[in-house]
Amino acid sequence: MDFFTKGYSALRGPAGQPQTALDTIVKLSDRLTQSTLISDRRAAVLGLKGLTRDCKADVGQHALDALLALLETDAKDDSESGRAILETLTLLCQAESKEGGKIPRDDLGLRHTDVALSSPAPTHALLALLPDNNFYLRLHGLQLLTVWLTNRPHLVQQHFQQAPDGPSAIEQLLTDQRDIIRAETLNTLQLLVAGNPPVQTSIAFAGAFEKLLNIIGLEGGIEGGPTVFDALSAIENLLRHNVGTQKFFRDLEFTSHLPALLLFPSPPPPPEDPVPQEFSLQFWNAHKINNAGAVISICQMLIAGKGDMNQAPDLGGLARCLVELALSSNAPMDLKTKALKALPPDPPLLNLITCYIPVPETNGEEWDRLPPEPAIGVLVAYALDGDFGMPGSVDVVGPTARRASLELRAAALSTFEAFVTNDLNARLYILGEMASPTPLPAGSEITRLPFRTLVRGLADVPQSPMTPESAHRHQIASLLFTSLIRGSEKCKTLARSIIPNTVAPLQPASQFVEAAMLANEKVPVDEEDDDPPQALLPTLLGNLAMSMRSRSISRERGERDMRDWDRVIVAYLIILSAWAWDSPVAVKDILEEGGIMTVLMEPVSQSTGIDVLVQGLCAFVLGACYEFNREPGEITRATLQPIFHKRIGADTFVSRMARLREDSRFRTVTPETFVVDVAVDDGTIPRSPGPLAVEESATDGEGEIWMDWAFVEFWKENYYTIQKSITNDPNSVTAEAGGNIDTAAVIANLKSTISTQQTEIERLQASLSRLTKEREEERETLNAQVTSLSERLSELSGEVEAEKEKKKEVEKEQEDLLVLLEELNVKRRKDKERMREKGLEVSEDEEDEEEDEEDDDDDEEED
């Protein structure tokens with residue numbers, strides 16, 4: 001009752017007269033600073049809290065400073081007062097967004113936040129309240145901190161770094177078992193560490209990783225709810241762009257928790273053993289998909305930050321987990337795409353994996369197990385035909401689903417390119433399998449050869465009408481093959497030996513999954529036909545000519561598949577661009593193919609009705625054939641140059657390649673993805689009314705592939721050389737092309753040797769320095785010993801001299817005593833002689849003594 005009485009008295013004017021809201025706010029503000037009773041100040045805060053919603057500006061103007069002062073005093077002494085202060089400050093600092101979700105710069109909440117954060121004291125006081133176990137203090141304290149972080153994150157982070165108990169407060173909050181507090185803590189933590197490495201480091205070193213992993217475990221791992229996702233997001237934010245926290249995470253072996261979070265067995269099984277079916281076949285819901293995606297994002301950061309798997313054995317099991325998840329599980333396509341993008345450049349793709357396919361008409365509830373096969377083969381199948389583990393993956397319904405399938409195939413293509421780019425042996429092995437597959441052992445369960453499937457994807461004659469899926473299959477097959485031959489004459493030579501349709505067919509693995517089976521058709525050879533089987537390069541040139549003709553027919557008839565034919569043509573031209581580059585033998589084969597020069601020159605010379613990508617690539621192939629035409633033959637550089645100048649012209653030749661470089665389909669390709677949006681009308685192809693018209697709604701969200709990032713880089717590095725080539729003198733020496741992987745291998749070998757020798761030199765220099773230091777130390781020790789001995793010798797010499805002096809003095813004293821004794825003896829003898837003369841008796845002893853003395857004297861004289 002006392003509380004209500006005081007509150008009513010505060011609002012009631014003198015003599016019961018009503019007051020304005022401003023008068024009440026002023027009175028309550030004065031009470032905050034002048035009242036000596038904490039109960040009165042608490043009542044004033046509650047009154048201001050009630051007025052804040054309607055009079056936010058007045059309360060902030062008159063009471064904000066007093067409330068901030070009470071945050072440092074009353075809040076820690078009285079929990080009720082603290083709760084009221086925190087709630088009031090939260091209302092005052094909360095920004096209000098206008099139309100469009102934007103917050104005006106002059107918003108009251110932002111201005112009040114600026115006042116509150118003008119000094120670090122309020123932030124430090126708020127952080128000091130968080131360790132209090134009171135539910136409402138923690139809840140409203142976290143809410144206020146979240147509001148400040150939302151409005152002015154950098155100021156809060158700066159004050160947090162200066163707070164003595166900031167990281168420990170966050171650590172204590174992470175151990176709170178109450179769901180609401182835990183959720184608010186995770187939300188606040190993500191905002192607090194975003195984009196600030198010092199804050200990330202301080203919180204991580206305070207034990208945040210362990211606490212967050214404990215929360216994930218308590219919530220059920222990736223099968224938990226939103227709390228697990230928030231905890232994983234917090235870990236991701238702590239690791240993002242921070243080498244120190246990533247190293248700390250790896251050093252404490254937290255990486256071993258990540259495969260287990262994805263339900264991968266821990267410890268992982270040996271490479272030769274299959275993973276359990278419980279991992280490959282799981283039930284997926286929305287929360288589980290989101291949580292697994294967050295785990296994969298963390299894996300991607302750790303793998304990208306570490307680099308070489310050979311130097312990071314702790315990430316080896318992680319890489320295998322991602323390979324199995326992407327290629328042999330029933331995970332959704334989006335997760336598989338993320339897993340492929342997260343793989344390192346050298347993933348374990350040579351291991352055998354066991355895939356599963358759904359049983360028809362079971363809605364994915366029953367699955368058949370396929371025989372084990374190398375992961376690299378499954379990866380090629382994914383790139384060519386999509387996820388064969390999902391029903392109808394190559395014929396999915398809806399633009400969003402079709403784009404997701406295309407993103408998965410693009411990710412598989414990128415993984416394949418990264419795997420073979422710097423591994424010449426892998427390229428040669430795959431091309432060897434394409435040319436002459438290794439015979440399968442008797443009784444083998446393997447029923448498909450994925451590399452021969454790639455050969456068929458390259459050699460199959462494009463059929464009309466061309467569909468988007470067929471066009472994409474031709475494109476991806478061409479990009480896969482281009483990554484095998486780019487920059488290596490050895491690989492190009494081996495590719496020239498590939499003869500399509502010369503391998504006996506195998507029985508299909510399943511009539512249901514067409515994408516997973518070997519092409520079981522063999523082109524019969526007429527016994528009366530003496531022509532040998534055609535190699536792959538002439539086959540590709542023939543398919544290019546037929547595609548050009550089919551496109552012309554499609555354009556004349558006004559059919560809808562013109563753009564799809566353009567993609568097929570671009571696919572063949574990309575192969576020819578890479579194959580002709582710095583390969584005189586391949587150039588000779590291309591030039592000797594009948595009619596191919598006309599096929600290539602016609603699109604370049606046309607001014608309308610042709611895609612700029614086709615024009616630019618045709619010009620590039622012609623330029624490469626001119627630049628690298630070094631082998632003797634009927635068609636020489638001198639033959640080609642006048643034809644180019646007459647039929648095309650140097651200016652047209654240059655402009656065609658320049659337009660390709662400016663095209664949006666070229667410019668929007670990135671290392672992350674080369675699936676570009678479908679342009680309804682990009683101006684590159686004239687759209688006639690009728691069948692060619694494409695409704696915008698039909699292409700909403702659609703994606704398409706024209707080229708990959710590797711080809712874009714190849715083009716940017718070399719197109720200028722080709723632009724200038726047509727103007728070069730036919731008899732001049734051509735410039736040496738760069739990017740040759742054989743030369744690069746020699747250079748890499750020499751660099752490795754130099755690096756090894758440099759390492760050995762550094763080791764020997766270190767050993768020499770160590771020995772020199774040891775010798776210096778020994779010399780200093782010996783010098784010290786010599787100095788000590790010299791000093792001791794000087795001391796002993798002084799003592800000897802002193803002893804000699806003493807000896808001389810003693811000898812001198814002895815001589816003086818002997819002289820004195822002699823004098824006494826002489827006197828005594830004289831006295832005895834006088835006594836005898838006077839007749840006195842002299843004792844015999846004395847006479848004996850005298851005789852002895854005389855004898856002694858005689859002996860001395862003889863000596």
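For the single chain, residues carry numbers from 1 onward in sequence order. What you see below is based on every heavy atom in this structure, not just the backbone, and it leaves out hydrogens, waters and symmetry mates. Since the model is a prediction, treat every value here as computed from it, not as a measurement.
Interatomic distance, Asp423 CG to Arg427 CZ, rounded to the nearest 0.5 Å: 9.0 Å. Expressed to the nearest 0.5 Å, how far CD1 of Ile38 lies from CD of Glu80 amounts to 10.5 Å. If you take CG on Leu144 and CG on Leu89, they are separated by 5.5 Å, rounding to the nearest 0.5 Å. To the nearest 0.5 angstrom, Leu129 atom CG is 10.0 Å from Asn134 atom CG. To the nearest 0.5 Å, the span separating CD on Glu236 from SG on Cys299 amounts to 10.5 Å. Here the straight-line distance linking atom CZ of Phe254 with atom CG of Leu212 works out to 10.0 Å at 0.5 Å rounding.
Electrostatic pairing of Lys773 and Glu776 does not count as a salt bridge here, judged by no charged N lying under 4.0 Å from a carboxylate O. Note on Arg775 versus Glu778: salt bridge recorded, some NZ/NE/NH1/NH2 to OD/OE distance being below 4.0 Å. Under 4.0 Å is where a charged nitrogen must lie from a carboxylate oxygen, and between Lys211 and Glu171 at least one such pair does. Looking at Arg770 and Glu774, a side-chain N of the basic residue comes within less than 4.0 Å of a carboxylate O on the acidic one, giving a salt bridge. Salt bridge Glu823/Lys827: absent, no basic N to carboxylate O contact under 4.0 Å.
Counting only N and O atoms by type, the side chains of Asp176 and Thr185 include no donor and acceptor under 3.5 Å apart.
Considering every non-hydrogen atom in both Pro122 and Ala116, the closest pair reads CG-O, 3.2 Å. Nearest approach of Leu262 to Cys321, heavy atoms of both residues: CD1-SG, 3.8 Å. Shortest non-hydrogen contact noted between Gln157 and Val193 is NE2-C, 4.3 Å. The two atoms that bring Leu117 and His159 nearest to each other are O-NE2, 2.9 Å, heavy atoms only. Taking both residues in full, the closest heavy atoms of Arg138 and Gln172 are given as NH1-O, 4.2 Å, listed atom of the first, atom of the second, then distance. A pairwise comparison of heavy atoms in Arg250 and Thr255 identifies CG-CG2, 3.7 Å as the closest pair.
Qualifying side chain to side chain contact (heavy atoms under 4.5 Å, CB included) partners for Gln34, counting only residues two or more places apart in sequence or in other chains: Asp30. Arg152 meets the side-chain hydrogen bond (donor to acceptor under 3.5 Å, both in side chains) test with Asp114; sequence neighbours excluded. Residues that satisfy the side chain to side chain contact (heavy atoms under 4.5 Å, CB included) test with Val147, not counting sequence neighbours, are Thr90, Cys93, Asn151. Every side-chain hydrogen bond (donor to acceptor under 3.5 Å, both in side chains) that Thr188 has, sequence neighbours left out, goes to Thr146. By the side-chain hydrogen bond (donor to acceptor under 3.5 Å, both in side chains) test, Thr33 is found to be paired with no residue, residues two or more places apart in sequence or in another chain being considered. Among residues two or more places apart in sequence or in another chain, the salt bridge (Lys or Arg N to Asp or Glu O under 4.0 Å) test is passed with Asp132 by none. Annotation: side chain to side chain contact (heavy atoms under 4.5 Å, CB included) contacts of Gln190 (sequence neighbours excluded): Asp230, Ser233, Ala234, Asn237. Evaluation of the side chain to side chain contact (heavy atoms under 4.5 Å, CB included) rule for Arg83 yields Glu87, Tyr136, His140 as partners, not counting sequence neighbours. With sequence neighbours excluded, no residue forms a salt bridge (Lys or Arg N to Asp or Glu O under 4.0 Å) with Lys76. In this structure Phe279 satisfies the ring-ring contact (aromatic ring centres under 6.0 Å, His included) test together with Phe264, sequence neighbours excluded.
Remark: side-chain polar atoms of Asn214 are paired, donor with acceptor, to backbone N or O of Glu210 under 3.5 angstrom. Without hydrogens or angle criteria, Asn351 side chain to Glu272 main chain gives no donor-acceptor distance under 3.5 Å. Counting only distance, with no hydrogens or angles, the side chain of Arg41 and the backbone of Leu70 share no donor-acceptor pair below 3.5 Å. Here the side chain of Ser118 pairs a donor or acceptor atom with the backbone of Val115 at under 3.5 angstrom. Of the possible donor and acceptor atoms, one in the side chain of Thr245 sits under 3.5 Å from a partner among the backbone N and O of Leu238. Judged purely by atom type and a 3.5 angstrom limit, Asn783 uses its side chain to pair as donor or acceptor with the backbone of Arg779. Distance alone, capped at 3.5 Å, is enough to place a donor-acceptor pair between the Ser168 side chain and the Asp165 backbone.
No side-chain heavy atom of Leu145 sits under 4.5 Å from any side-chain heavy atom of Leu191. Between Trp148 and Pro153 there is no side-chain heavy-atom pair separated by less than 4.5 Å. Side-chain contact between Leu343 and Val323 is present, with heavy atoms from C-beta onward closer than 4.5 Å. For the pair Leu424 and Cys491, the minimum side-chain heavy-atom distance is below 4.5 Å. Counting heavy atoms from C-beta outward, Ile376 and Phe419 have side chains that approach closer than 4.5 Å. Residues Ser81 and Val45 have side chains not in contact (no heavy-atom distance under 4.5 Å, counting atoms from C-beta outward). In this structure, the side chains of Thr150 and Thr113 stay at 4.5 Å or more apart for every pair of heavy atoms. The side-chain heavy atoms of Ile216 and Thr227, taken from C-beta on, include no pair separated by under 4.5 Å.
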Task: Check against salt bridge (Lys or Arg N to Asp or Glu O under 4.0 Å), Glu219 and Arg182 - done: CA-CA 11 Å; Glu219 293 290 330; Arg182 178 181 291 172; 2.8 Å; yes
Open item on the list: Evaluate Asp831 against Arg834 for salt bridge (Lys or Arg N to Asp or Glu O under 4.0 Å), listing each step before the verdict.
Closed with: CA-CA 5 Å; Asp831 290 341; Arg834 287 194 205 102; 2.7 Å; yes
- [ ] Please report the C-alpha distance between Phe135 and Ile180 in whole Å, then the side-chain angles of each, then the deciding distance to 0.1 Å, and finally whether the side chain to side chain contact (heavy atoms under 4.5 Å, CB included) criterion is met.
- [x] CA-CA 9 Å; Phe135 175 81; Ile180 297 178; 4.2 Å; yes
- [ ] Evaluate the salt bridge (Lys or Arg N to Asp or Glu O under 4.0 Å) criterion for residues Glu760 and Arg763: first the C-alpha distance (whole Å), next the side-chain angles of each, then the deciding distance (0.1 Å), finally the verdict.
- [x] CA-CA 5 Å; Glu760 182 66 16; Arg763 187 185 66 79; 2.4 Å; yes
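The list of side chain to side chain donor-acceptor pair (under 3.5 Å) pairs with a residue in residues 784-793, not counting sequence neighbours, reads Arg792-Glu795. Residue pairs meeting the side chain to side chain donor-acceptor pair (under 3.5 Å) criterion with at least one partner in residues 803-819, sequence neighbours excluded, are absent.
Test Leu820, Val826, Leu824, Val819 against Glu822 for side-chain contact (heavy atoms from CB on, under 4.5 Å) and you get one pass: Val826.
Other residues, nucleotides and ligands contribute over 12 non-hydrogen atoms within 6.0 Å of the CG atom of Leu218.
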